[in-house]
Amino acid sequence: MLTEYIDSIERAAHIIRAGGLVAFPTETVFGIGADATNSDAVKRLFAAKGRPGNNPLIVHLDDAAHWSRAASDLSDVARVMLDCFSPGPLTVVLPKKETISELVTAGLETVGVRVPALPIAREILRSAAVPVAAPSANQSGRPSGTTWKAVAEDLDGRIDAIFTADSSSIGIESTVVDCSAGTPLVLRPGAITLEQLQKIVPQTRELQADEKSEMTASGRQVNSPGILHPHYQPRAKVMMVDLPQKELTGEQSKDAAYCGLDVFDGVESFPCIKVFDSIDDYAAGFYEFLREVDRQAIERVFVQTAPEHGIGFALRDRQRRACGG
Ligand code: AMP
Ligand code: MG
């Protein structure tokens with residue numbers, strides 16, 4: 001398939017409405033969009049990514065007021081969360097509407113819904129006027145695409161079009177909160193933190209490590225299979241380091257890369273380095289750095305463990321998973 005490189009909102013929307021696949025930017029990461037009501041399109045989307053069929057897709061809307069295009073019900077808790085954080089990097093899991101393809105939700109009776117904040121994304125969604133299933137724009141298992149060139153590396157020839165636009169500013173996927181039953185449960189950390197959610201809905205809590213087995217959170221089935229799949233992994237072996245000055249000084253570095261917030265003695269001997277000025281920059285540039293390491297065919301990458309505050313909590317989650325654990 002010949003992939004078109006486009007910068008027209010109308011063209012992107014037209015391709016999606018016609019059942020095609022278009023990668024487009026959002027503030028979190030780039031997504032590959034397909035009409036969520038068209039099972040043929042969604043089937044092609046899973047194939048293009050090589051994504052396991054039991055990992056559900058998030059449905060994107062142009063406006064939270066249009067929630068009923070994807071969901072059959074909106075609880076008070078979900079409404080409050082959407083009022084506070086949409087458009088933005090928040091996905092709420094709601095009871096599914098029947099017109100959404102069962103392939104999108106991997107057979108679940110719930111659907112993840114998000115309204116991205118990036119104007120280009122919202123305009124494409126508004127113009128398409130259908131609910132759009134959009135997983136991260138990368139080959140399944142790889143670091144998510146945060147630039148259109150990274151998307152092209154993984155998906156050129158596999159999808160109909162790539163929207164050429166600037167990098168994603170947040171760089172980490174949305175916070176996913178299950179609002180479909182009882183206590184809201186954070187299934188995946190993101191830029192919207194647990195503390196922010198608890199200010200709005202105090203009973204919100206986080207999925208615990210021992211609950212990530214598709215089974216019960218206080219007796220309730222936690223159905224988010226995606227949290228168990230391998231994710232965000234470059235070809236290079238990723239290792240987390242807490243104190244690079246202590247752990248990496250004198251480290252044999254010819255075949256290794258380093259990224260983090262701190263420099264250390266001897267860092268200049270590593271052939272590929274990225275030192276970020278802030279935790280937000282670290283999150284925004286993390287996946288792209290992992291991809292750069294692969295481009296340079298470097299086999300090991302040390303990543304400084306993200307501090308556990310703000311978006312650092314979500315970044316640390318992605319770092320652990322990039323390590324394979
Ligand atoms: P990605 O498309 O890679 O950002 O992954 C989307 C993730 O959102 C999935 O892997 C799930 O963990 C989560 N998700 C999407 N839909 C649902 C749903 N209906 N119920 C629970 N989690 C969901
Ligand atoms: Mg993904």
Side-chain angles (χ1 to χ4, degrees), residues 21 23-34 36 42 45-46 48-61 67 70-73 78 89-98 100-114 116 121 131-146 150-151 154-155 168 170-182 184-192 206-207 211-217 220-234 286-287 290-291 314 317-318 321-322:
L21 308 180
F24 63 89
T26 84
E27 73 279 17
T28 58
V29 300
F30 277 63
I32 314 171
V42 175
L45 174 48
F46 274 92
K49 271 201 74 152
R51 182 169 173 116
N54 63 353
N55 188 359
L57 309 178
I58 293 169
V59 174
H60 293 66
L61 301 172
W67 63 267
S72 63
D73 187 37
L90 179 75
T91 296
V92 288
V93 174
L94 303 171
K96 170 186 175 299
K97 184 174 181 172
E98 64 197 301
I100 299 294
S101 167
E102 284 181 3
L103 300 177
V104 168
T105 58
L108 299 176
E109 282 168 13
T110 56
V111 61
V113 177
R114 178 164 107 84
V132 173
S136 54
N138 51 273
Q139 278 296 315
S140 187
R142 298 259 304 143
S144 304
T146 54
V151 174
D154 275 23
L155 296 167
S168 296
I170 295 176
I172 297 282
E173 303 77 4
S174 60
T175 306
V176 178
V177 188
D178 185 353
C179 297
S180 66
L185 199 56
V186 178
L187 302 179
R188 175 174 76 181
I192 311 263
E206 209 185 342
L207 187 67
E211 295 175 320
K212 292 185 183 177
S213 58
E214 300 186 34
M215 269 320 288
T216 63
R220 146 183 174 196
Q221 190 166 25
V222 178
N223 259 323
S224 192
I227 53 184
L228 298 169
H229 287 112
H231 237 119
Y232 321 121
Q233 293 172 356
F286 181 65
Y287 291 140
L290 296 183
R291 288 177 165 272
D317 166 71
R318 306 310 192 268
R321 303 195 47 187

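All values below come from the heavy atoms of this structure, side chains included, with hydrogens, waters and symmetry mates left out. Both ligands and their constituent atoms are indexed starting at 1 by order of listing. It should be emphasised that the depicted structure is a prediction, and the values quoted were computed from it without experimental measurement.
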Practice item. Classify the angle between the aromatic ring planes of His60 and Phe24 as parallel (below 30°), tilted (30 to 60°) or perpendicular (above 60°). Key: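 Taking Phe24 first and then His60, their aromatic rings stand perpendicular (interplane angle over 60°).
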
For [X], atoms of ligand 1 separated by under 4.0 Å from a heavy atom:
X: Leu187; answer: 21 (C), 22 (N)
X: Val111; answer: 19 (N)
X: Leu108; answer: 18 (C), 19 (N), 20 (N)
X: Ser136; answer: 2 (O), 3 (O)

Practice item. Look only at interatomic distance and state if Lys49 has a nitrogen or oxygen under 3.5 Å from any nitrogen or oxygen of ligand 1. Key: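 N/O-N/O distance below 3.5 Å does not exist for this pair.
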
Check your understanding: If we only count N/O pairs under 3.5 Å, is Arg188 in contact with ligand 1?
Key ->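 Yes - when backbone and side-chain N and O of Arg188 are compared with those of ligand 1, one distance drops under 3.5 Å.
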
Point to revise | Proximal candidate to atom 14 (N) of ligand 1 [heavy atom criterion; set Gly112, Pro56, Gly31] | key: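 The nearest heavy atom belongs to Pro56.
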
Review point. Is Arg51 reaching over with its side chain to a backbone N or O of Pro56, donor-acceptor style, under 3.5 angstrom?
Key: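 Confirmed, Arg51 side chain pairs with Pro56 backbone.
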
Check your understanding: Are any side-chain N or O atoms of Thr175 and backbone N or O atoms of Ile192, one a donor and one an acceptor, separated by less than 3.5 Å?
Key ->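 At least one qualifying donor-acceptor pair exists.
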
Exercise for review: Evaluate the side-chain contact (heavy atoms from CB on, under 4.5 Å) criterion for residues Asn55 and His231: first the C-alpha distance (whole Å), next the side-chain angles of each, then the deciding distance (0.1 Å), finally the verdict.
Suggested key: CA-CA 12 Å; Asn55 188 359; His231 237 119; 4.2 Å; yes

Exercise for review: State whether Ser136 contributes an N/O/S atom found under 2.8 Å from the Mg ion (ligand 2).
Suggested key: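 Checking the Mg ion (ligand 2) against Ser136, an N, O or S atom does fall under 2.8 Å.
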
Check your understanding: Under a 4.0 Å N-O cut-off, is there an ion pair linking Glu102 with Lys96?
Key ->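 Lys96 and Glu102: not salt-bridged.
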
Point to revise | 4.0 Å heavy-atom contact, Thr105 with ligand 1 | key: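 No; Thr105 lies far enough from ligand 1 that no heavy-atom distance drops under 4.0 Å.
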
